[in-house]
Amino acid sequence: MLHEILLSLSGHPSPLLRNDYTDPRAQSIISPPERELLKTAGHLSDLHCKLISYTAQISASHSSVICRAVSTAINSIYLAAFQRKVLEVEDSILRKDASLVGAYNIVPLTAVIGEFTGWSRRLEWLWDLVQFILKEKEGSPCRAAQLIDRLRDELKTGYADIGETALSLVGVAETAWLKQVSAWVLYGRIPVLGDRDFFIQRDEQDEQGYSINHKLLPSFVTPSTASSMLFIGTSLNRVKTRSSIEPSNNGLDHLSSQFQTLAALKSPLNSVALSRAITSIRLTLSRTTLQKLLPLAKVLEMLSLFREFFLLGRGEFAMALTQQADEVIRSRWRRADNLAYEKRYGLSNVMVKEGEVAAVLTKTWAILGSMQGQHADEDEGLELARDLLRLNLSKTKASTPVKGKPNTSHQTAGNISSTPFRNLLFSVPVVLTSQIPPPLDLFLTVSDVQTYTSINSYLLSIRRSHLHLTDLWKITSLRRHHPPPPRPPYSTTKGGVARTRVLRERWSIRSSAMRSAWSTSSAAIFFLAETEAYLQVDIVEGLWDDFHGWLTGKREHEQQQSTRPNPLRHNLSSETVDPPSGNNVGNALRTSEPTQTSNPPHHDPQTLAIAHRLYLRTLTRRLLLTQPSFTDALYELLVHTDQLAALVHRLQSIWAAADLEADEGVVDAFSDLAAEEKDVRASVIEVEDQVKRGVESVVGMLRNLSTDSAFMAELEDGDGDGAQDGDEETGAGFGDEGVADGEEGQGYRPRRTGGIDRLLMKLDFGGWFDAGRASRGEEGDDEF
């Protein structure tokens, strides 16, 4: 019987232990305590047999490599240990060990079963773990991340034997997982075995070609660490495709050091230790390979292009582009008018085509090139912009927001509003985009370019309306007596006096008619000028100088110089020391001069990408592009200002035709100038009122935003908080203080610039709004 029990415990099923002994004859032979002992032995035998069978099945056919490794470890470590325990018990019985064999060679069943007391709970726990691996969740098998998280949770059960077993299996699972990670972060390869179980997957829709599946990510891996792994692997894949990068002689040494960095990690893996190891590998890759592929000069060149052309750092570019676009629109309408006489109708006569939009940008480059002069040096920035920038018709109906996932909470507040500023340049959606050269796609993404596109449409619309209003003052006939009165001696005759009287009466009528339009246009110009100055100088220029200083290391140097005591100030403020002589002053000045750093700091591409996205996020928030209430009101105002400028030009053309008809007798049989003048003047009055109400509405929105405590807190302190959790979709990782982590812990933190209160202090229109409301209340719907 003992032999049968030991064989059954070794993994060979026995009917002796499977019998419940409920038969009366069996109950008379075996006592109740013996039945309980046999039941315990049968339970252990059953668990052992099932574990042997199912672990073999998992090791042979499971799709997850980590699950296979854990199953193999269960079989090779704990089931083998259980079998060794059975052999030890059998050996003790054969040797007649006093601990098991009593007098007259009697072996108590209690002593035999007592040797396996510690294995009951462990085998039951292992069986539960095997069932967890075999169980399918939502139609998919057990994943490595689920198994690792389950094993790490089991470390906290409180049982020493279970904790020891779980710790051993956690080490096996994490070692297998680190092997998959090492293939990706050291060679840029997705593991061949278990590729569906790896958290980085191929994604053809993603611009990088790979994406992170957060469902396959273990809990101890933070989003920033996962994004660093994604960046390292994608960078290695890009390096392989660059034939200009020569492999360094010490590449194997760096690879060996990176192997040692991963091998030094101890199980259970710590999030901080893993993050430091991945950061070390990323910085090593950046110093050895990526620095040659993406030097700082190339980064600054591309960012300067965005600053000059997308953020309108070059004012002549915005002016030339606006003029060429207006010329295309005017030519299209003139062509439509000419075709109307031939009774040929159709939207194709008015709609702008893709080729015309591209031709506008080509003419803009030609104008900018002609401004350089014949003997001027070649403008490299202009040549780069000519190669990369494109002006295209937009196929999308809404503004493209900052790239985000549906489950990210911070992206909702950071999205750019869908106000269609892109429709104002050509009356159809037109956007300025840029191509991303291959080396620069290490830190630039398509979503970054889309953000620049939205900002460009926003700033260009304001500049365009400002130019249209200021161009009204170039219409000389509206500002002066035109045509002038006759000269002597004809002016002294009766005909000359009558002619002069007619011209003066005509001028007086038109001047009084235009007085309200000029005042409204002046107020709108004042509003647009102050708003544009605030956005361009305080926000765009301030943030760019700060970001550029962080890139080149000048900002840290200035901070160090500001904290360093000035010896000249100390000498001049001393009362006990004599005033310094000229030589002493010169020495003090030379001492206080900043010593320029010869080597600018090197930022790895991921740090550049994180800082650049934080810079864009801060820029869109400070430009108020994330507030639909403000952007919608501003868009309506810009539309009305364009209407006002167009109506004034139309009124001037009507008056010119009327003068030609009255003075020279040239009559246009197809137009009724008097009726058109009446309609246009009524429209001017209506649009003036809309412009005034638009300015009042925008200023009111600014006041509401300035009193909104939540928005002001987000504006002042939200730049760091909004990035504190990191960007899951782009792989951005941020530090605990909400700044972009740098190579040596000196992350980029945008400085506080601008302030709505500062803009509101300038936008003081006095009683203009009240006067407008009073005049509307008194006059009602009076004619012009």
Side-chain angles (χ1 to χ4, degrees), residues 1-23 26-56 58-59 70-133 151 154-172:
M1 182 176 180
L2 288 177
H3 182 69
E4 188 73 15
I5 291 174
L6 293 177
L7 283 177
S8 179
L9 291 176
S10 298
H12 303 280
S14 173
L16 180 64
L17 299 182
R18 294 179 181 271
N19 195 343
D20 54 358
Y21 300 101
T22 56
D23 186 77
Q27 292 181 359
S28 62
I29 298 175
I30 302 176
S31 63
E34 290 177 340
R35 286 200 298 269
E36 291 298 327
L37 292 174
L38 291 177
K39 184 178 179 181
T40 302
H43 179 60
L44 290 175
S45 174
D46 183 56
L47 288 175
H48 190 197
C49 293
K50 289 191 293 186
L51 285 173
I52 292 175
S53 173
Y54 285 104
T55 52
I58 293 173
S59 300
V70 172
S71 176
T72 304
I74 291 174
N75 197 348
S76 61
I77 298 177
Y78 296 102
L79 298 186
F82 184 77
Q83 291 180 353
R84 288 195 301 269
K85 183 63 178 178
V86 174
L87 294 177
E88 290 176 3
V89 172
E90 183 181 11
D91 183 66
S92 299
I93 294 174
L94 294 177
R95 289 187 294 102
K96 299 181 179 181
D97 192 347
S99 60
L100 292 177
V101 181
Y104 304 104
N105 294 329
I106 296 176
V107 181
L109 186 59
T110 305
V112 175
I113 302 301
E115 291 292 327
F116 300 96
T117 303
W119 283 95
S120 297
R121 182 168 57 239
R122 182 173 294 180
L123 291 180
E124 290 174 356
W125 181 84
L126 290 174
W127 173 239
D128 291 339
L129 183 64
V130 170
Q131 286 181 315
F132 177 79
I133 296 175
L151 291 174
E154 294 295 333
L155 295 175
K156 308 171 186 177
T157 57
Y159 296 101
D161 53 348
I162 300 300
E164 180 183 354
T165 305
L167 181 62
S168 175
L169 295 181
V170 163
V172 173

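Predicted model, so just to flag it, every value in this text is computed and none were measured.
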Assess whether atom OH of Tyr54 is packed by more than 12 heavy atoms of other residues, nucleotides or ligands within 6.0 Å. no

How many angstroms lie between CG in Leu87 and NZ in Lys85, if you round to the nearest 0.5 Å? 11.5 Å

Between the CD atom in Glu115 and the CD atom in Glu90, the distance rounded to the nearest 0.5 Å is 13.5 Å

Can you list everything that forms a ring pair (Phe, Tyr, Trp, His ring centres under 6.0 Å) with Trp125? Sequence neighbours excluded, please.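 Ring pair (Phe, Tyr, Trp, His ring centres under 6.0 Å) check on Trp125 returns nothing, list empty.
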
Mind listing the side-chain donor-acceptor pairs of residues 155-169 below 3.5 Å, one per line with the distance, residues two or more places apart or on another chain?
{"unit_1": "Thr157", "atom_1": "OG1", "unit_2": "Glu154", "atom_2": "O", "d": "3.3"}
{"unit_1": "Asp161", "atom_1": "OD2", "unit_2": "Arg121", "atom_2": "NE", "d": "3.3"}
{"unit_1": "Asp161", "atom_1": "OD2", "unit_2": "Arg121", "atom_2": "NH2", "d": "3.2"}
{"unit_1": "Thr165", "atom_1": "OG1", "unit_2": "Arg122", "atom_2": "NE", "d": "3.3"}
{"unit_1": "Thr165", "atom_1": "OG1", "unit_2": "Asp161", "atom_2": "O", "d": "2.9"}
{"unit_1": "Ser168", "atom_1": "OG", "unit_2": "Tyr78", "atom_2": "OH", "d": "3.3"}

Tell me every residue that passes side-chain contact (heavy atoms from CB on, under 4.5 Å) with Leu123, counting only those two or more places apart in sequence or in another chain.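 By the side-chain contact (heavy atoms from CB on, under 4.5 Å) rule, Leu123 matches Leu44, Leu47, Leu51, Leu79, Phe82, Trp119, Leu126.
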
Just by distance, do the side chain of Thr117 and the backbone of Gly114 share a donor-acceptor pair under 3.5 Å?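 Confirmed, Thr117 side chain pairs with Gly114 backbone.
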
Polar side-chain atom of Thr55 near backbone of Ser71 as donor-acceptor pair, under 3.5 Å: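 Between the backbone of Ser71 and the side chain of Thr55 there is no qualifying donor-acceptor contact (under 3.5 Å).
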
